[in-house]
2 protein chains.
Amino acid sequence: MPPRQDTSRSKLDDAARAGWLYYVAGNTQDEIAAKLGVSRQSAQRLVSLAISEKLIKVRLDHPIAACLELAARLKDRFGLSFAEIVPSDPGHPDTTLGVADATAAQLERRLASPEPTILGVGTGRTLKAAVELLPEMDCPQHKIVSLTGNIAPDGSAAFYNVIFSLADKVKAPSFPMPLPVIAASEREKTLLHQQVGIEKNLALAREADVWFVGIGDLGPNAPLYEDGFVTRSELKALQKAGAVGEMLGWVYDAQGQLVAGMTNERVASAPLPSAETAMVIAAARGRDKVEAIGAAMRRGLVGGLITDEDTAARLLA
Amino acid sequence: MPPRQDTSRSKLDDAARAGWLYYVAGNTQDEIAAKLGVSRQSAQRLVSLAISEKLIKVRLDHPIAACLELAARLKDRFGLSFAEIVPSDPGHPDTTLGVADATAAQLERRLASPEPTILGVGTGRTLKAAVELLPEMDCPQHKIVSLTGNIAPDGSAAFYNVIFSLADKVKAPSFPMPLPVIAASEREKTLLHQQVGIEKNLALAREADVWFVGIGDLGPNAPLYEDGFVTRSELKALQKAGAVGEMLGWVYDAQGQLVAGMTNERVASAPLPSAETAMVIAAARGRDKVEAIGAAMRRGLVGGLITDEDTAARLLA
DNA sequence: TCAGAAGATGAGTAATTGCCCATGCGTATA
DNA sequence: TATACGCATGGGCAATTACTCATCTTCTGA
């Protein structure tokens, strides 16, 4: 009898052979068993040994491979239950390119389900672009609830509001929040929230199965400032207080902690849920947003992310 | 509505995704179906599409003892500087199985080098299959030169020509030989070779660092005959003159000596180099080719061989 | 606009694979 | 020497996968 080392060596050899015959030559395990002169079960064990010993290496030769890999790493690193990475197109002017498409695909998938779903939606350029990409659908079984107010500071309808076009497109009952995104005062916000219609809406938001939201940065071109929801001086003050990002208007710092006082006292959006309560899916990309996205994920403010390759790589760096 | 190209593109993307989830992430097809939002059957189709489209590449990373030993003995016996033996799969119909994979791996290795290389390539089923297995690469530093003409006897492009697809896949400058594989007469061949472009090409072939070629036998199913490069009567005459094999169209006898006169006078391929000049790597397997491979090795026409276990054993017998 | 072709889809089913368990062989230990 | 332990083996079965077929959709060309 050959000594142990030879046994295990020739065993690995056989495993390699079996793995080759299986994966490269496309034999069935029965055929391999016959060719190697062992039982079918042993052949199966050899094949799985070849895999567990990493003798067989599989690679995917397609641009998507990198994206899937990044998604897996993001899920692992930040404890996400969902991550979708789309290929980057460096230098492309469209800030929602790809991400909007992927978001639309996710929305569509959930809406296509016959199971009644309560869908919370935020606002922003990415969501708006995603909704535009949605096909017409017929989803009376779902409910779509707005997570933010829909009135801009000047009293007009907020431009990047999406609930109406979404509800219209998929023919689902919708529950908008007819109040300012950021109220004039904490007291005003409280009063507004006590209205019967709004209370019901907020309750619906709490019950929602999934939220789709955008994430904004608080750099010099912060969407919150660009769209006029906060003034220049408010933005400066928020930056000074350590704010790095914003979701539904809720401003948070590098640890994902809500910045106390200031605008957060007046934000009329639905309160952010704990990670367990609902599935919060954020869609955002771009170099400027890396810190904001990272902070939200570290704190567990989001359970799912849709972004692009480049942003994902920076998040992992 | 997205145009056809987008449809088929996103289909391949999905196939890649499915393949990745299946082979890399170890999902079942049911899980993939759920994640991709398609039926189980569709998921199965995507996975098999990923395979049939060669998106998924499997390689065996284990020196199988028996193959290694055969390789060592071949190198020793025939003075080769390189030999790679892949496991045999007796009775498998694919005549390039395994050998093509190994050839692709060798090609990839050399192309991956940043060092500028001149690569001479022949033709044939094995090389064609190998090129198909290559991943997309970006190798502007290398030059790929064809060692044979690329025009079939009927005037069409020779089917097993590989230089274009290879150059395309690895994005390297290529130097094809736009002339018949076997000219009508010695005089025509000489004239063709005197064309400026062809002369440069032949010079490049002489300078090449490595050649990758196939080997054909001259039995009743000789590739040279099957592909229409020689007539039935020419084949008979060659056989009568002792021809046993062929490389780039150059016909040789059991001692590896070129058969004088006949088709060899009209072959438009680059002249075979002496063993020292360039590294000639032949890829071939099969019982029919044993004598042809052996003759080429004995004469030193090849310095490297890629074949399978069974062929290697017969070569040593 | 419509018939036909090509292709996609899902159900059903056969084939293949993965896993658990009982068995047997060889070895170490008291 | 008897006993226990480790481990490989093959049977059996449930899970998974591959394939076939009928139906439906979409595109093409008259």
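Note: hydrogens, waters and symmetry copies are ignored here, and every other heavy atom, side chains too, is used. Proteins come first, then strands; the chains are lettered A, B, ... in the order of their sequence lines, and each starts at number 1.
Taking a cutoff of 4.0 Å between a charged side-chain nitrogen and a carboxylate oxygen, B:Arg314 and B:Asp310 qualify as a salt bridge.
Atoms CG (B:Asp30) and P (D:dA18) sit 12 Å apart, rounded to a whole Å. One interatomic measurement links the two molecules: CD of B:Glu31 to P of D:dA15, which rounds to 14 Å at whole-angstrom precision. One can place CD1 of B:Ile51 at 7 Å from P of D:dA18, the figure rounded to the nearest angstrom. The separation between A:Tyr23 atom OH and C:dT16 atom C1' is 13 Å, rounded to whole Å. Taking atom CZ of residue A:Arg40 and atom C1' of nucleotide D:dC13, one finds them 11 Å apart after rounding to whole Å. Taking atom CG of residue A:Leu46 and atom C1' of nucleotide C:dC19, one finds them 16 Å apart after rounding to whole Å. A:Leu49 places its CG atom 15 Å from the C1' atom of D:dT9, with the value rounded to the nearest Å. Rounding to whole angstrom units, CD of residue B:Gln44 and P of C:dA14 are separated by 17 Å.
A donor-acceptor contact under 3.5 Å is not formed by the side chain of A:Arg45 with the base of C:dG18. Within 3.5 Å, a donor on the side chain of B:Gln41 pairs with an acceptor on the base of C:dA11, or the reverse.
Between atom CD of residue B:Glu69 and atom CD1 of residue B:Ile85 there is a gap of 11.5 Å, rounded to the nearest 0.5 Å. With rounding to the nearest 0.5 angstrom, the CG atom of B:Leu166 is 6.5 Å from the CG atom of B:Leu107.
Put simply, the side chain of B:Lys57 never gets that close to the backbone of A:Asp61: no donor and acceptor are under 3.5 Å apart. Side-chain atoms of A:Trp211 never come within 3.5 Å of backbone atoms of A:Val302 as a donor-acceptor pair (strictly under, hydrogens ignored).
Not one side-chain nitrogen or oxygen of A:Ser48 sits closer than 4.0 Å to the OP1 or OP2 atom of C:dG18. Contact between the side-chain N/O atoms of A:Thr28 and the OP1/OP2 oxygens of C:dT16 is not found at any separation under 4.0 Å. Residue A:Tyr22 places at least one side-chain N or O under 4.0 Å from the OP1 or OP2 atom of C:dT17. Dashed line: the shortest gap from a side-chain N or O of A:Gln29 to OP1 or OP2 of C:dG18 is under 4.0 Å.
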